[in-house]
Amino acid sequence: MAEKTLRLILGDQLNTQHPWFQQIDAAVTYVMMEIDPELTYAPHHLQKQLAFLGAMREFAREIEAKGHQVKYLKLNDPENRHDFIQNLKYLAKTCNASRIAYQQPDEYRLDQLFKRLSEKLPLAIEE
């Protein structure tokens, strides 16, 4: 049985042309999450936030329709811990994943957070 992988997609990484999406793999689950800190770390107009969340939800539907496995945590999802690390920890356990992959974020604060993933999660981490 192939090792299961969670691939984290951030809201500004909605690109169906990325190599990740060229092949469907049953051992890969794409993870997207709406978490409070990402909406409140800086002031944003409500319409911008809604447009951002709408784009994320549509992207998740699009890749799922193409056959990819997707786990999407909405703001009001009871499973949502509103924290990248805690959500990934929970999803790795429930999906029986042994590795997490992510694309390099364009924000320094997230880059620093993800560089410390291996300290916080007992899984293989791929950038």
Side-chain angles (χ1 to χ4, degrees):
M1 189 158 116
E3 285 189 7
K4 295 200 176 215
T5 301
L6 299 179
R7 288 183 175 168
L8 178 63
I9 303 170
L10 301 176
D12 59 356
Q13 298 174 337
L14 311 180
N15 177 6
T16 58
Q17 300 305 308
H18 189 279
W20 274 3
F21 307 111
Q22 302 311 306
Q23 185 174 348
I24 296 169
D25 185 344
V28 172
T29 299
Y30 293 93
V31 174
M32 298 178 73
M33 56 184 89
E34 302 172 1
I35 59 175
D36 287 332
E38 290 304 297
L39 296 174
T40 59
Y41 76 93
H44 298 290
H45 193 283
L46 181 59
Q47 289 176 327
K48 179 180 180 178
Q49 290 177 338
L50 292 175
F52 204 74
L53 297 178
M56 288 175 57
R57 290 178 183 189
E58 181 56 33
F59 183 83
R61 281 190 290 271
E62 183 178 343
I63 63 172
E64 194 167 39
K66 291 180 179 179
H68 296 286
Q69 292 184 74
V70 177
K71 181 61 179 169
Y72 191 100
L73 295 175
K74 293 182 179 179
L75 280 172
N76 62 350
D77 191 321
E79 297 175 308
N80 194 341
R81 281 122 170 96
H82 294 279
D83 177 271
F84 282 116
I85 305 295
Q86 293 306 313
N87 279 337
L88 288 170
K89 186 180 209 177
Y90 168 75
L91 292 171
K93 184 177 180 179
T94 60
C95 295
N96 200 26
S98 59
R99 73 169 86 245
I100 294 174
Y102 68 94
Q103 299 172 41
Q104 184 173 5
D106 66 354
E107 290 188 40
Y108 178 78
R109 67 186 176 81
L110 293 179
D111 185 48
Q112 294 305 299
L113 174 74
F114 295 153
K115 283 182 178 175
R116 293 189 310 273
L117 276 177
S118 61
E119 298 169 14
K120 309 223 182 244
L121 299 172
L123 305 164
I125 309 297
E126 301 172 6
E127 184 177 338

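Along the sequence shown, the residues carry numbers beginning at 1.
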Is the closest basic N to carboxylate O distance between E64 and R61 below 4.0 Å?
no
Sorted by chain and number, sequence neighbours left out, side-chain contact (heavy atoms from CB on, under 4.5 Å) with A124 holds for R99
Between the CD atom in E119 and the CD1 atom in I125, the distance rounded to the nearest 0.5 Å is 10.5 Å
*May I ask whether I9 and I35 are part of the same hydrophobic cluster, defined by side-chain heavy atoms of I, L, V, M, F, W, Y residues being less than 4.5 angstrom apart, directly or through others?*
no
By side-chain contact (heavy atoms from CB on, under 4.5 Å), L75 pairs with (sequence neighbours left out) E34, D36, L39, L53, H82
Closest non-hydrogen contact found for D25 with Q69 is O-NE2, 4.1 Å
Tightest non-hydrogen contact, residues M32 and A60, listed as SD-CB, 3.8 Å
Sorted by chain and number, sequence neighbours left out, salt bridge (charged side-chain N to carboxylate O under 4.0 Å, His left out) with E127 holds for none
_Plane angle bin for F84 and F114 - parallel if under 30°, tilted between 30 and 60°, otherwise perpendicular_ = perpendicular
Closest non-hydrogen atoms of Q13 and Q103, given as atom of the first, atom of the second and distance, are NE2-O, 3.3 Å
Across all chains, not counting sequence neighbours, the side-chain contact (heavy atoms from CB on, under 4.5 Å) partners of A101 are T5, R7, W20, E126
d(L73 CG, R81 CZ) to nearest 0.5 Å is 8.5 Å
| query | Among the clusters formed by ILVMFWY side chains lying less than 4.5 Å apart, do L8 and V28 turn up in the same one? | reply | no
Output for pair (Q112 CD, E107 CD), nearest 0.5 Å, gives 12.5 Å
Next on the checklist: Count I, L, V, M, F, W, Y as connected when their side-chain heavy atoms are under 4.5 Å apart, and connections chain through other members. Are F52 and V70 then in the same cluster?
Outcome noted: yes
Run the numbers on T16 and K66 for side-chain contact (heavy atoms from CB on, under 4.5 Å), then give the verdict. CA-CA 10 Å; T16 58; K66 291 180 179 179; 4.1 Å; yes
Heavy atoms of Q47 and H45 approach each other most closely as N-ND1, 3.0 Å
Flag yes if more than 12 heavy atoms outside E58 fall under 6.0 Å of its CD atom; otherwise flag no. yes
On a heavy-atom basis, the closest approach of D83 and M33 is O-SD, 4.4 Å
CG (L121) and CD1 (I100) are apart, to the nearest 0.5 Å, by 5.0 Å
Between the CG atom in N15 and the CD1 atom in I63, the distance rounded to the nearest 0.5 Å is 11.0 Å
side-chain hydrogen bond (donor to acceptor under 3.5 Å, both in side chains) pairs touching residues 84-95, sequence neighbours excluded, are E79-Y90, N80-N87
query: Has Q22 got more than 12 heavy atoms of other residues, nucleotides or ligands less than 6.0 Å from its CD?
result: yes
Taking the six-membered ring for Trp, are the ring centroids of F59 and F21 within less than 6.0 Å of each other?
yes
Fill in: Linked, directly or transitively: L117 and L6 (ILVMFWY side chains, under 4.5 Å)
yes
Residues joined to L46 in its hydrophobic cluster, side chain to side chain under 4.5 Å directly or through other members, sorted by chain and number, are L50
